[in-house]
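A short worksheet on the structure shown next.
Each chain gets a letter, A, B and so on, in the order its sequence line appears, and its residues count up from 1.
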Protein chains: 2
Amino acid sequence: MTGLRAQQKEKTRQAIIAAALNQLSADRTFSSLSLREVAREAGIAPTSFYRHFKDMEELGLTLVDECGVTLRQLMRSARKRFGENISIIAVSVETFMEFVEHNPNIFRLLLRERSGTSKSFREAVAREVKYFTVELSDYLQQSTQLEPALCQIQAEALVTITFNNGADYLDADPVKRLQLIATTTTQLRFIAHGAAAWQKQSSAH
Amino acid sequence: MTGLRAQQKEKTRQAIIAAALNQLSADRTFSSLSLREVAREAGIAPTSFYRHFKDMEELGLTLVDECGVTLRQLMRSARKRFGENISIIAVSVETFMEFVEHNPNIFRLLLRERSGTSKSFREAVAREVKYFTVELSDYLQQSTQLEPALCQIQAEALVTITFNNGADYLDADPVKRLQLIATTTTQLRFIAHGAAAWQKQSSAH
DNA sequence: AATTTGAGTGTACATGTGTACGCTCAAATT
DNA sequence: AATTTGAGCGTACACATGTACACTCAAATT
């Protein structure tokens, strides 16, 4: 009892999402997309759009949420790859950059709307980044024995660096991409090292 | 021989710039501004705009450049405040956040157009960030004796962290702002500490 | 079999946009 | 004093947008 009707609806809903994602590129902000254009590419009349989303904004928030799901899957897969003969930092960076490489448009959406025009967008992105940060902070806490507050600050720095280098990765050629992975890894190690030293120093004050 | 005519022109040119800056706010991207609207606020006819700028894009690039000038002035003043009884990291963070506080709209412009739609915009912002990074890297090199490559990577990380926390600073209330200054300072120290340790470790390999 | 529902359509409209074109008239140049 | 220049104006146009409204017609419900 799938509901043949509901099935079709879901199908065009996906077509709308796909059309929007497809139009998000290096030179297209989400807010520069038009309802009509998205509808056109999805193969429906402009007014049919409203059967699925109240707004372009509602569509955008859906995309951000979808992105969050993908990112969390990614993190799970990263944890699986860790432990053989590769450090947690290296595997995280590599996995993240793979994500960027395979989902450039949706990553660009996150990147832009993080400091974008719509408050609910900014909040949605902040939420996704927070998931990312909290899980990392928890991981650091159990694996490094550092103070919670320190883990939190450290995690925030790690995420910031990774996220931003991801942005550069988007526009880089293959050679530059390898360099970027190396640079990012080094910068993350700076932070990890510095945080550990910080705790030692302050507890031995 | 100022040219009374040229004086007037400069005046309306500044009016255009002021109007654009004024319209850039938390919920207005540069690309969402319209020529007509800017002209309206500047008190001129839409078509008069073209006497001053070829494009909205040309206006935007002018704003970015103006921002660069302001930023460099800021860095000079930061260096003057250093050395009394405050560390270079602390004074840099404070100065930067002051800049953000006093020029929220222009900082938002930088922030957004960095990953924005127009290539020439992205390049212009990248150029300004690079000035910032290079000067910092030079400073690190002469004051810490670390390898040039290491200084460069370190400077990039420092700038990334500062820039991003500046973005959060924009939307924060006064209490959160003080916290942010403290957090940022700590994160920068992590990096500085980590970079120094990195060099020791690798030279003693 | 009769009725209700709702996804998708097509038409229509008001609004805002960038910019082409020809004008004015005061400042600058000759 | 005569001429040139150019900042600013007003009109006009073609175009794209969001969405209101009344519709169809097949699937779902009764």
Side-chain angles (χ1 to χ4, degrees), chain A residues 1-25 27-63 112-113 116-121, chain B residues 1-25 27-63 112-113 116-121:
Chain A
M1 181 141 354
T2 353
L4 197 151
R5 192 73 169 275
Q7 227 167 353
Q8 257 305 329
K9 179 169 186 182
E10 181 60 21
K11 205 170 164 186
T12 76
R13 185 190 145 98
Q14 289 305 324
I16 292 175
I17 290 178
L21 269 181
N22 189 46
Q23 290 179 18
L24 283 175
S25 64
D27 33 46
R28 218 78 156 67
T29 323
F30 181 79
S31 68
S32 82
L33 302 187
S34 83
L35 184 152
R36 287 179 105 105
E37 212 171 347
V38 169
R40 208 175 301 135
E41 179 164 338
I44 59 173
T47 46
S48 301
F49 180 93
Y50 297 108
R51 300 288 182 191
H52 302 270
F53 303 96
K54 170 178 155 281
D55 246 356
M56 279 298 282
E57 172 149 340
E58 195 172 293
L59 206 208
L61 292 177
T62 304
L63 293 185
R112 284 175 176 159
E113 299 308 329
T117 259
S118 144
K119 195 176 181 191
S120 49
F121 258 61
Chain B
M1 186 156 334
T2 353
L4 197 152
R5 192 72 171 277
Q7 228 168 352
Q8 258 305 330
K9 180 168 186 183
E10 181 59 22
K11 205 168 162 186
T12 75
R13 184 190 146 99
Q14 289 305 324
I16 292 174
I17 290 178
L21 270 181
N22 189 46
Q23 290 180 17
L24 283 175
S25 64
D27 34 47
R28 218 77 156 66
T29 323
F30 181 79
S31 68
S32 84
L33 303 188
S34 84
L35 185 154
R36 288 179 105 104
E37 212 173 347
V38 169
R40 207 175 302 135
E41 179 164 339
I44 59 173
T47 47
S48 301
F49 180 94
Y50 295 108
R51 300 290 181 187
H52 301 271
F53 302 98
K54 172 177 154 280
D55 246 356
M56 281 297 282
E57 172 150 340
E58 196 172 292
L59 206 209
L61 293 177
T62 303
L63 293 185
R112 284 173 176 160
E113 298 309 328
T117 260
S118 145
K119 194 177 182 192
S120 49
F121 259 62

Which residue pairs pass the salt bridge (charged side-chain N to carboxylate O under 4.0 Å, His left out) test when at least one of the two sits in residues 27-53 of chain B, sequence neighbours left out? B:R28-B:E37
Find the distance A:K9:NZ to C:dG6:C1' and express it as a whole number of Å. 8 Å
Tell me the interatomic distance from B:E57, atom CD, to C:dT19, atom C1', rounded to whole angstroms. 17 Å
Which nucleotides of DNA chain C pair, in dot-bracket form (Watson-Crick or G-U under 3.5 Å, | meaning another strand): ||||||||||||||||||||||||||||||
I'd like a list of close polar pairs between nucleotides 25-28 of chain C and the protein, N/O only, cut-off under 3.5 Å.
{"from": "C:dA28", "atom 1": "OP1", "to": "B:L4", "atom 2": "N", "distance (Å)": "2.8"}
{"from": "C:dA28", "atom 1": "OP1", "to": "B:R5", "atom 2": "N", "distance (Å)": "2.9"}

With B:T29, which residues qualify under side chain to side chain donor-acceptor pair (under 3.5 Å), at least two apart? A:T117
Check nucleotides 17-21 of chain D against the protein and report each pair of N or O atoms closer than 3.5 Å, with its distance, or say if there are none.
{"from": "D:dT17", "atom 1": "OP1", "to": "A:S34", "atom 2": "OG", "distance (Å)": "2.9"}
{"from": "D:dT17", "atom 1": "OP2", "to": "A:R40", "atom 2": "NH2", "distance (Å)": "3.2"}
{"from": "D:dG18", "atom 1": "OP1", "to": "A:L35", "atom 2": "N", "distance (Å)": "3.0"}
{"from": "D:dG18", "atom 1": "OP2", "to": "A:L35", "atom 2": "N", "distance (Å)": "3.3"}
{"from": "D:dG18", "atom 1": "OP2", "to": "A:R36", "atom 2": "N", "distance (Å)": "3.2"}
{"from": "D:dG18", "atom 1": "N7", "to": "A:R36", "atom 2": "NH1", "distance (Å)": "2.4"}
{"from": "D:dG18", "atom 1": "O6", "to": "A:R36", "atom 2": "NH1", "distance (Å)": "2.9"}
{"from": "D:dT19", "atom 1": "OP2", "to": "A:Y50", "atom 2": "OH", "distance (Å)": "2.6"}
{"from": "D:dT19", "atom 1": "O5'", "to": "A:Y50", "atom 2": "OH", "distance (Å)": "3.2"}
{"from": "D:dT19", "atom 1": "O4", "to": "A:R36", "atom 2": "NH1", "distance (Å)": "3.0"}

Side-chain donor or acceptor of B:R51 under 3.5 Å from a matching atom on the base of D:dG6? no
Residues passing the side chain to side chain donor-acceptor pair (under 3.5 Å) test with B:T12, sequence neighbours excluded, are B:H52
C:dG8 P sits how many Å from A:K11 NZ, rounded? 11 Å
So, is B:S48 close to the D:dA7 phosphate, meaning a side-chain N or O under 4.0 Å from OP1 or OP2? no
Rounded interatomic separation in angstrom, taking CZ from B:F49 and P from C:dT17: 13 Å
Could you state the NE2-P distance from B:H52 to D:dA7, rounded to the nearest angstrom? 7 Å
Rounded to whole angstrom units, what separation is found between the CD1 atom of B:I16 and the C1' atom of D:dG8? 11 Å
